[in-house]
Each structure stands twice: as C-alpha cells, then as structure tokens.
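In what follows, chains carry the letters A, B, and so on, assigned in the order in which the sequence lines appear, proteins first and then strands, with residues in each chain numbered from 1.
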Amino acid sequence: MKEKYMITSVKGFKDIYGEDLELFKTARRVLEEIAESFAYEDIITPIIEYSELFERSVGIDTDIVEKEMYTFIDKSARSVTLRPEITASVTRSYVEHHFETKPLPLRFYYFGPCFRYEKPQKGRFRGFYQFGVEAIGDDSPLLDAEVIDIGYNIAKKLELKNVSVKINSIGCRKCRAIYKEKLKEVLEPHYDELCEDCKRRFYTNPLRILDCKKESPELKDILPKMIDYLCDDCKKHFDSVLDYLQKMNIPFEIDNTLVRGLDYYTRTVFEVISSDLGAQNALLGGGRYDYLIEELGGRPTPAVGFALGMERLVEIMKSQGFVGRDKWLIYVAYQQTVFERAIFITEKLRNYGFKVFLDVKNGSFKNQTERSAKRNAEFTIFIGEEEVKTGSVVVKNMGTKEQKQVNIDDLNGFFKEQRNV
RNA sequence: GUGGGUGUAGCUCAAUGGUUAGAGUACCGGACUGUGGAUCCGGCCGUUGGGAGUUCAAAUCUCCUCACCCACCCCA
C-alpha cells in the first residue's frame with residue numbers, strides 16, 4: 001500500500017490490457033486481413049535505425065527530427081534513433097535489399113511501435129503503435145486510389161461512424177516551388193496581420209499557414225490555391241486519382257488546406273479524420289512520396305502509402321461502443337470429493353479448444369456459481385457425485401439460466417453447437 | 001517548449017481553517033458444500049501527490065515542485 005516508491009510507466013507510454021487490448025487485437029487482426037486481401041505483404045523492420053535515415057527522409061527541418069526523436073549515441077559512437085515512423089524504414093529496406101529487381105510495384109504493410117518525444121494529450125503519446133501500407137515502384141494514380149481504398153475499407157469493415165476522407169495535391173518539386181513563391185508574394189503585404197505562429201511559418205513552411213485556425217477568413221480568401229498552380233502532369237495525376245475514387249464509390253472531400261508536415265510527400269496527400277478524436281482528429285494520414293527512394297540512394301522510384309494510429313483507432317471503436325470481448329468461457333464447479341473427475345473433464349474440454357476456467361477455490365455450488373458469474377462465464381458446468389454416477393455433467397447457460405444434463409461424450413458436440421448459435 | 005484544469009483509500013467521491021480525514025464500491029473472511037453478481041456481520045485500505053511557509057490549529061490559505069488530463073505547436 002505504500003506508494004511512495006512506486007515505479008510508474010514512463011511518461012507518454014501506456015500499458016495496454018483488458019478491454020482495450022481486446023479492441024486493439026481485434027483492430028490489428030482486421031487491419032492485417034484487409035491489407036492481405038489487397039495482396040499486400042507483411043514486413044518487419046527494426047525499431048531502431050541510424051539517425052541519418054530520419055534526417056534524410058522525414059526532413060531535417062521538421063518538428064519530428066528537430067525536437068521529437070529518441071536519439072542517443074551507442075557504444076560504438078554511432079547516432080541511432082528509435083523510429084518516429086516506419087515509412088523511412090520500409091524504403092530503406094527497399095533500397096538496401098534491391099527490391100527494385102522484383103516485379104513492381106511492391107506492396108507492403110507493417111505494424112509496430114513508434115516513438116516521439118512529445119507532450120502527451122488526447123490521441124497522442126510518446127510510445128504508440130502504427131499500422132501502415134506502402135506501395136512502391138509505380139506512379140499510377142490507380143495506386144494512390146488503391147491505398148486510399150484500403151483506408152476506406154478499414155473504416156467500413158470496423159463500421160466507424162463520423163469519419164471522412166480528405167484529399168489534396170501538393171504538387172511536385174517544380175510546381176510546389178512556384179506555388180510557395182506565389183503564396184509568399186501574396187502574404188508579404190499582410191505579414192503584420194499574421195499570428196505569431198504564422199510569422200514563423202512564413203519562413204519555415206508557408207504551406208502551413210493554409211490550415212491555421214487563427215487567421216481571418218478574409219485573408220484566407222485571397223490566398224492562391226495549390227490546385228491552380230499544379231503543373232500539367234500533377235494536375236492530370238490528381239484528376240485521375242479523383243476519377244478513380246469516384247469509380248470505386250469512395251466518398252471524399254477535397255481540402256485545399258490539407259498539407260502535411262513530413263518533407264517527403266509529393267502530389268497526393270490525404271487523411272481519414274474522425275470527429276470522435278478531439279484535437280488530434282487524424283485516424284490515418286499519408287500520401288505519395290516520389291522522391292524519397294532516390295533521396296535514400298536508390299534509383300528514382302515513385303511510391304505511395306499511409307500510416308494509421310492504433311491508439312486512435314481503438315479510441316474511436318471505444319467511443320462507438322464496439323465490443324471485442326471474447327466471453328467464451330466455461331467455469332467448472334465441482335464438489336471436492338470428485339476433483340479427479342473435474343480435472344479430467346476440464347482437460348478434455350481444453351483439448352477440444354474451449355476456454356475453461358478451473359477455480360482454485362472450491363466452496364459450495366452457490367459459492368462457485370457466484371464466482372462463475374463474476375468471471376463473466378458463458379457457461380457453468382456442475383460436477384458432483386450424482387453426475388459421476390451417470391457419466392454426465394450439468395451445463396448451465398449463464399445468460400439464459402437454462403440448464404441441461406449432458407453426457408460426457410457429448411460435451412464436444414454440445415459446446416461446438418452452442419458456439420455456432 | 002507555452003498555456004489551462006485536476007490531484008483525498010485499489011476505484012468513484014465527501015469533509016465552514018477546528019475531535020482520531022469519512023462514505024459508497026471493490027477486495028478478503030464468515031453466515032453458506034447441489035446453483036446467480038443479493039443481504040447481513042466482520043476485516044483490510046491514507047504520510048490528503050511531494051516539499052516549504054502562514055497559523056494556537058492546514059486536505060482546506062500562500063509559494064515551489066511532481067504527476068495526470070486538455071489545448072497550442074506538430075502529428076498517427
């Protein structure tokens with residue numbers, strides 16, 4: 001009871017257990033099934049990488065690299081980092097193992113923990129799990145649409161309410177550079193009207209001013225739209241992605257203010273957002289990253305993907321009353337005098353594949369029935385001297401309170417049948 | 001890094017600056033060895049997050065600090 005010296009989990013890191021873990025596991029299973037159904041292949045990469053990987057991929061000027069990485073010097077004096085995201089690792093792996101010699105595009109999905117040293121709040125932690133997909137080696141707009149389709153299917157399969165798909169194009173390095181200049185040109189006369197954050201953004205990342213919530217609508221109205229500045233190829237690509245989405249019956253909203261904070265994105269960017277998430281409303285986010293592979297030393301290779309926050313997904317499922325609890329449990333109540341029969345039947349049922357609870361406490365049947373109820377068992381089976389004589393057990397359905405005598409040899413069939421009801 | 005909110009028993013919460021900080025719930029035991037989470041009785045549970053100060057007297061007032069939550073920034 002003395003908690004003075006209690007050691008807690010590290011700030012921003014959480015234990016996952018109980019109901020949350022059930023949802024977590026259910027979600028993970030569904031995500032992987034969907035990715036597999038799109039013929040994506042699993043890949044596991046290390047949770048630690050040389051720091052340079054993220055500096056070159058995520059971008060040296062981004063918040064993630066500037067102040068959020070768990071970076072340290074290992075015993076051979078190399079700078080290593082706990083991964084803040086996984087796309088960089090997958091592309092590193094692609095280059096390192098010469099995956100370009102395989103039939104392209106390659107399609108991967110991944111799942112694992114990530115680390116960012118941030119101030120925790122709703123939907124944001126220092127240790128969190130990401131699921132994601134990456135399709136590498138083709139610039140077809142159909143591949144963009146396919147990746148978005150996976151994201152949309154996740155929401156559909158898990159019956160998520162209040163979610164929507166937002167999409168935008170931020171162009172390639174040619175047209176985005178032109179757009180940035182134009183944006184600054186228009187903003188310059190209004191520099192003094194900008195909020196403190198935007199004054200900084202004006203120099204670091206002017207695109208960010210687009211989605212600032214503080215700026216006046218009048219100012220935003222005069223800002224040029226990226227779509228109007230896309231080069232012919234980017235425009236064609238974006239229109240084609242939208243066309244595919246329509247043909248695939250995926251509802252979406254074009255959001256001209258959608259820009260993303262990682263440097264590697266090009267052309268298509270998208271998010272699936274939920275109103276159940278608070279300020280951190282993005283369930284998943286991603287886009288195209290056509291320059292990343294060559295940035296990491298590979299030959300120029302276009303790619304597209306997204307990452308999804310598991311904790312956020314679980315949060316949505318919880319707020320929508322999703323039940324993931326596996327309640328299938330048989331509680332064995334027995335009289336102490338027939339323990340041997342009880343343990344025999346228990347093991348038999350376990351071998352049949354059922355989840356069987358054998359209490360270490362014995363007590364009266366009343367007592368044991370109470371314990372069974374507290375454990376949320378679906379069934380209680382009673383084994384006493386009478387049952388031993390007749391070679392049967394009494395099975396009680398704890399939900400309906402019905403009970404019936406079942407011959408020991410019929411138990412497997414009986415419970416199999418119950419499970420299918 | 002910057003703001004705001006909250007810290008009292010495992011959990012949910014009480015307690016005008018004034019007895020030994022209390023309830024409910026959970027847990028354990030008994031009533032109770034052939035059937036439901038009940039009821040009754042009993043037990044266990046606190047350096048009031050931590051530290052300093054004001055005061056005859058602090059859970060309560062002041063300051064500092066820590067933790068959690070929420071928001072900004074940014075992101076999954």
Exercise. Using a 4.0 Å heavy-atom cut-off across all strands, classify A:Gly123 as base, sugar-phosphate, or nothing.
Key: base

Quiz item: When you compare B:G22 with B:U8, how far apart are their C1' atoms, in angstrom units rounded to a whole number?
Solution: 10 Å

Practice problem: Please answer whether the main-chain N or O of A:Gln368 pairs with a side-chain N or O of A:Ser372 as donor and acceptor at a distance below 3.5 Å. | Solution: no

Quiz item: Which whole number of Å gives the distance between the P atom of B:C27 and that of B:A67?
Solution: 33 Å

Quiz item: Have A:Tyr334 and A:Glu387 got a donor and an acceptor in their side chains that come within less than 3.5 Å?
Solution: no

Quiz item: Considering the options A:Arg56, A:Arg92, A:Arg83, which one meets the salt bridge (charged side-chain N to carboxylate O under 4.0 Å, His left out) requirement together with A:Glu49?
Solution: A:Arg92

Self-check item: N-O pairing of A:Glu311 and A:Lys14 below 4.0 Å
Solution: no

Quiz item: Is it true that the NZ or CZ of A:Arg126 lies under 6.0 Å from the centre of A:Tyr117's six-membered ring and within 45 degrees of the ring axis?
Solution: yes

Quiz item: Is A:Leu262 touching bases, backbone alone, or none of the nucleic acid, heavy atoms closer than 4.0 Å?
Solution: sugar-phosphate

Exercise. Just do the side chain to side chain contact (heavy atoms under 4.5 Å, CB included) check on A:Tyr289 and A:Thr91 with the steps written out, would you?
Key: CA-CA 10 Å; A:Tyr289 47 95; A:Thr91 50; 3.7 Å; yes

Quiz item: Is A:Gln121 near enough to B:A71 that one of its side-chain N or O atoms lies under 4.0 angstrom from OP1 or OP2?
Solution: yes

Quiz item: Do A:Glu33 and A:Arg29 sit within salt-bridge range, that is, some charged N less than 4.0 Å from a carboxylate O?
Solution: yes

Quiz prompt | Between B:A57 and B:U20 - C1' atom distance, rounded Å | solution = 15 Å

Quiz prompt | Ring-face cation contact, A:Tyr291 with A:Arg173, 6.0 Å cut, 45° max | solution = yes

Quiz item: Under 6.0 Å from the six-membered ring centre of A:Tyr331 and within 45° of its axis: does the NZ or CZ of A:Arg375 meet both?
Solution: no

Practice problem: Quick one: label A:Phe306 by what it contacts on the DNA or RNA (base, sugar-phosphate, nothing), any heavy atom closer than 4.0 Å. | Solution: nothing

Quiz item: If you measure from the P atom in B:A26 to the same atom in B:U12, how many Å do you get, rounded?
Solution: 15 Å

Exercise. Among the candidates B:C73, B:C69, B:C74, find the nucleotide nearest to the side-chain atoms of A:Pro120.
Key: B:C69

Exercise. In whole angstrom, give me the gap between the C1' atoms of B:G50 and B:C73.
Key: 30 Å

Exercise. Would you mind reading off the distance between A:Asn281 atom CG and B:C70 atom P, rounded to a whole angstrom?
Key: 15 Å

Quiz item: Going by modelled atom types, is there a donor-acceptor pair between the base of B:C74 and the side chain of A:Gln280 at under 3.5 Å?
Solution: yes

Exercise. Treating a pair as Watson-Crick (purine N1 to pyrimidine N3 plus N6-O4 or O6-N4) or G-U wobble (N1-O2 and O6-N3) with both distances under 3.5 Å, list the stems of 3 or more consecutive pairs that involve RNA chain B.
Key: B:1-7 with B:66-72, B:10-13 with B:22-25, B:27-31 with B:39-43, B:49-53 with B:61-65

Quiz item: Going by atom types only, do A:Asp276 and A:Ser319 share a side-chain donor-acceptor pair under 3.5 Å?
Solution: yes

Practice problem: Mark up nucleotides 28-37 of chain B, 5' to 3', with B wherever a protein heavy atom is under 4.0 angstrom from a base atom, S wherever such an atom reaches only the sugar-phosphate, and - elsewhere. | Solution: -S---SBBBB

Quiz prompt | Separation between the P atoms of B:U62 and B:U54, rounded to whole Å | solution = 15 Å

Quiz item: On a whole-Å scale, what distance lies between the C1' atoms belonging to B:C69 and B:C45?
Solution: 26 Å

Quiz item: B:A14 and B:G46: how far apart are their C1' atoms, nearest whole angstrom?
Solution: 15 Å

Exercise. Look at the side chain of A:Arg208 and the base of B:C74, then say whether one donor and one acceptor between them are separated by less than 3.5 Å.
Key: no

